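Just below is one structure, and these are the notes that go with it.
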Amino acid sequence: MGKTAGALALLGFWMLVAGLGESFSMDSTDSLYIVQVDHNTLTSSVGYLEMTTSRYSQMLQSVRRKDSNDVPTAHLVHVYHNIFHGFSARLTFQEAEALKNMDGVLGVYPDTVRHLHTTHTPEFLGLSSTEGLWPESNFGDDVIVGVLDSGVWPEGESFSDKGLGPVPSRWKGSCQSGPDFNVSLCNNKIIGARYFSAGYEAATGPMNDTIESRSPRDTEGHGTHTASTAAGSPVEKASLNELAEGTARGMASKARIAVYKICWERGCYDSDIAAAFDQAVADGVDVISLSVGGGVVPYYQDSIAIGAFGAMKKGIFVSCSAGNSGPGRMTVSNIAPWVVTVAASTLDRKFPAGVELGNNQTISGVSLYRGSASDEEFTGLVYGGDVASTNVTYGSQCLEGSLDPSLVKGKIVLCDRGGNGRVAKGAVVMGAGGFGMILTNTPVDGEGLLADSHILPATLVGATGGATIKSYIKSSNSPVAKFKFGGTQLDVKPAPVVASFSSRGPNSLTPKVLKPDITGPGVNILAAWTGRVGPSGLAFDNRRVKFNIISGTSMSCPHISGLGALLRGAHPTWSPSAIKSAIMTTATVLDNKNSILTDEATTTEATPFHFGSGHVQPERALKPGLVYDMSPQDYVNFLCAVGYSPKRIQIFTNEPVTCPRTAVRVEDMNYPSFSAVLKHSSSTPTLTTNFTRTVTNVGFANSTYSASIISPDDITVTVKPEQLTFSAEGEKQSFTLVVSATSNPISTVVGASETKFAFLVWTDGSHVVQSPIAITVE
Ligand SMILES: *[C@@H]1O[C@H](CO)[C@@H](O)[C@H](O)[C@H]1NC(C)=O
Ligand SMILES: *[C@@H]1O[C@H](CO)[C@@H](O)[C@H](O)[C@H]1NC(C)=O
Ligand SMILES: *[C@@H]1O[C@H](CO)[C@@H](O)[C@H](O)[C@H]1NC(C)=O
Ligand SMILES: *[C@@H]1O[C@H](CO)[C@@H](O)[C@H](O)[C@H]1NC(C)=O
Ligand SMILES: *[C@@H]1O[C@H](CO)[C@@H](O)[C@H](O)[C@H]1NC(C)=O
Ligand SMILES: *[C@@H]1O[C@H](CO)[C@@H](O)[C@H](O)[C@H]1NC(C)=O
């Protein structure tokens, strides 16, 4: 199937070129849809490619309005072939409905737009660590990491192939040319580079070639950053203006990178994401890294979930960002059980930039602005809300045009977060003649701080510090302040801390699957950057940097992808689920003060709804002892358990399936973590549920593991048997975990629920295999 697959995905590109001619219609009544077809209903003696394409055109023709003289083939935006069979096309609502009812059609759903998972805007900045988490080993050579993102800036030193052997012979991918990209830019590090814009342009109209590049080239920065984080070559003396200086290297510094550009100025479209998955599977990647997401939709309408299923089936490890919608609960996205859902936490490095007030009070803050001596002298201080030219609300947030220059000139302006970008506020202050800016969190943002690459002397302080500054301004006749830029600070404690912005559980789609899965470094990460935009990513920012510091679950995801590549290199026979299990069961829930990880938003203890199984520990993941392994059929059983029909499940499997005769339960999916959901009942004093699991021995051939449980007083967790004895590597043993909780009414509020957390730990004295257990009574 490999060859036709390659040809077919190219079809998407050629169709696009054809579609840009006069037949390209942006009729406001139609929009882009993805159509999934049961391929087994298509039979033909002609070649596969001609058969599917002409069959899909016929299907389109048959639902077209009779007065339409469009050429239907011009409207096949992408044809899909590996992860599922089908196509995308612009359809009216009526045409989509007609297709839905056609024989052999499994599903028709509207294309949706996703966004890069950098927190709020691409202006997020931060710091990276070259120690602790990044292993010194050379694991990852010959492993291929597919990065689905905004493309790559191939000239970056992180993409040098110095010291790397030839491209792995099994590689079937290639490098696509464009206006400013060609095959000469690929090497033994970047071994593939393609772009997918047909869905994007069909949905939003032709791209603006002045600011975008119809090629794998990254004009945004995000894709360059994530690719270099996962698998960048080592670069010595990397820094952003001397901040975070050190050797920058990807997690798997010898792994090869295959670039799939799916994100553009106006977002990342599902139809293109599906096409990229389709191509990556055909090309032969080993790992897929995807720092993109949107809202949660049912698995069968989610092209990331569907694409990741097809990849998992081919043995590909898929790691996705959890999202930056925290600190609210139930915000986690990319939650299919066959992907690793990655939360974000801090490193033990920070960029302090405090503020000293005229009354001798000092407020701590963070910034990536490189201060000079003249920035550190007392200067007049005003609050944006007090110096507004028109609207006080706008002034307090320092929105465009809201500040009165005569009141701002030469002053430091205090601005509230919200309404516009953090770095953009600095531009407003600068435009009004201000000298510097103190940005403050509001109570909604709490105390979580993000260091930014400001264009004038500026820092960000927490909500409490901001309130202190406001009352100082009110109480003083001539308020003044000065900055104290502190460079790079190391050994910050506590660390890691779960980032405020990191999306949280519980899982909104399948509460019985605990999400997120893991947390990793995602705050202030230094990695390679594009030469096309400045570090803030804003149009007016004319600075150019080779490395940038940004934050988001977008940054933590490629750390886990790179680790997946290392584990694939170390254990070539492990399934994606075994690799995921190894990463999860060896994670730690403790920080560098030996306390439970804290939540940055509240500075109280975080839970598995924040960090999943805990913070990743790469070196321990190499030797997990036991793994909770799963086959593609186990995931099919999961889809049966959530109530999907075999026809619906075929959307994922691309082939007919049967559900087990006896009903399967989500509780029995061999997941490396546990989530009990118990229904409160006034007639049942004790609520009970159970889980079955099977562990595979990947540690010492002869070993005995004993179970221990850590649980709150009012929860009882038992394991049967309490000991598992193995006499061979690869041997499997099963156990049952029973959870009992008192059926207390949590609250009289309808829909209220309370979750408590326990842990199961298996150990043979050498390995520790730990799983979180969420127990929710609702
Ligand atoms: C390929 O692109 C590079 C960089 O843009 C350029 O220097 C080179 O001339 C191009 N080569 C070809 C064959 O177009
Ligand atoms: C493309 O972007 C440039 C730069 O922002 C802008 O000046 C130009 O008007 C845009 N062109 C179109 C067709 O939108
Ligand atoms: C601030 O501290 C300095 C030196 O410690 C002292 O001279 C000054 O009086 C203090 N000012 C206030 C307002 O407390
Ligand atoms: C400021 O503008 C916003 C948005 O138009 C409006 O909601 C608000 O009422 C205005 N506030 C004042 C004080 O005019
Ligand atoms: C587990 O729970 C199921 C469903 O409630 C029940 O049928 C089964 O007997 C239980 N198994 C054990 C070992 O408790
Ligand atoms: C494991 O134990 C069995 C039986 O005691 C023995 O035959 C075998 O050699 C042992 N294997 C290893 C690797 O020690």
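Computed from a predicted structure; not experimentally measured.
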Plane angle bin for H225 and W529 - parallel if under 30°, tilted between 30 and 60°, otherwise perpendicular: perpendicular

Is the shortest side-chain heavy-atom distance between I473 and L414 below 4.5 Å? yes

Any idea which heavy atoms bring V717 and S711 closest together, and the distance? CG2-CB, 4.3 Å

What pair of heavy atoms forms the shortest contact from V342 to S556, and how long is it? CG1-OG, 3.5 Å

Under the 3.5 angstrom rule, does the side chain of S675 hit a backbone N or O of V513 as a donor-acceptor pair? no

Please check: side-chain N/O of T331 versus main-chain N/O of R504, any donor-acceptor pairing under 3.5 Å? yes

Residue list, ring pair (Phe, Tyr, Trp, His ring centres under 6.0 Å) with F547, at least two apart or on another chain: none

Testing the 3.5 Å rule here: is there a donor-acceptor pair between the side chains of S554 and H222? yes

By ring pair (Phe, Tyr, Trp, His ring centres under 6.0 Å), Y671 pairs with (sequence neighbours left out) none

Taking T459's backbone N and O only, do any of them form a donor-acceptor pair with S367's side chain (distance below 3.5 Å, no angle check)? no

Ignoring hydrogens and geometry, is there a side-chain-to-backbone donor-acceptor pair from T341 to K515 under 3.5 Å? no

Which residues satisfy the salt bridge (charged side-chain N to carboxylate O under 4.0 Å, His left out) test with D218, sequence neighbours excluded? none

Specify the closest pair of heavy atoms between S673 and S613, including all atoms of both residues, with the distance to one decimal. CB-OG, 4.4 Å

All side-chain contact (heavy atoms from CB on, under 4.5 Å) counterparts of R329, not counting sequence neighbours: P506, S753

A481 and I412 have their tightest heavy-atom pair at O-CD1, 3.6 Å

Heavy-atom side-chain contact between V497 and E600 under 4.5 Å: yes

Intermediate values then yes/no, side-chain contact (heavy atoms from CB on, under 4.5 Å), V413 and Y383: CA-CA 6 Å; V413 182; Y383 175 45; over 6 Å; no

Is the backbone N or O of H454 less than 3.5 Å from a side-chain atom of D452, with the two atoms forming a donor-acceptor pair by type? no

Judged by atom type as modelled, is there a donor-acceptor pair below 3.5 Å linking the side chain of S502 to the main-chain atoms of A344? yes

Just wondering, do I710 and L760 contact through their side chains at under 4.5 Å, heavy atoms? no

With sequence neighbours left out, write down each residue that passes side chain to side chain donor-acceptor pair (under 3.5 Å) with D591, or none if nothing qualifies. none

Polar contact flag, side-chain donor to acceptor under 3.5 angstrom, S345-T519: yes

Can you find a side-chain donor-acceptor pair between D599 and T604 that sits under 3.5 Å? no

Main-chain N/O of T586 paired with Q617 side-chain donor or acceptor, under 3.5 Å: yes

Output yes when a side-chain donor or acceptor of K756 lies under 3.5 Å from a complementary backbone atom of T776, and no otherwise. no

Of all residues at least two apart in sequence or in a different chain, which pass the side chain to side chain donor-acceptor pair (under 3.5 Å) check with N592? none

With a 3.5 Å cut-off and no angle check, do the side chains of S291 and S321 form a donor-acceptor pair? no

Pairing residues for C557 by the disulfide (SG to SG under 2.5 Å) criterion, not counting sequence neighbours: none

I'd like to check L450 versus V366 (side-chain heavy atoms, cut-off strictly below 4.5 Å). Are they in contact? no

Going by side-chain contact (heavy atoms from CB on, under 4.5 Å), name the residues that satisfy it together with A463, two or more places apart in sequence or in a different chain. N441, E447

Ion pair present between D517 and K580, side-chain N to carboxylate O less than 4.0 angstrom? yes

Those residues that, when tested against R568, pass side chain to side chain donor-acceptor pair (under 3.5 Å) (two or more places apart): none

With sequence neighbours excluded, what pairs up with D416 under the salt bridge (charged side-chain N to carboxylate O under 4.0 Å, His left out) test? K470

Locate the shortest heavy-atom distance separating G436 from V429; write the atom from each residue and the value. O-CG1, 3.5 Å

Where is the tightest heavy-atom contact between P772 and L514, given as atom of each residue plus distance? CG-CD2, 3.7 Å

Quick check: do V616 and L563 have side-chain heavy atoms less than 4.5 Å from each other? yes

Taken in chain and number order and not counting sequence neighbours, the residues that satisfy side chain to side chain donor-acceptor pair (under 3.5 Å) with K546 are none

Applying ring pair (Phe, Tyr, Trp, His ring centres under 6.0 Å), name anything that partners F691, two or more places apart in sequence or on another chain. F674

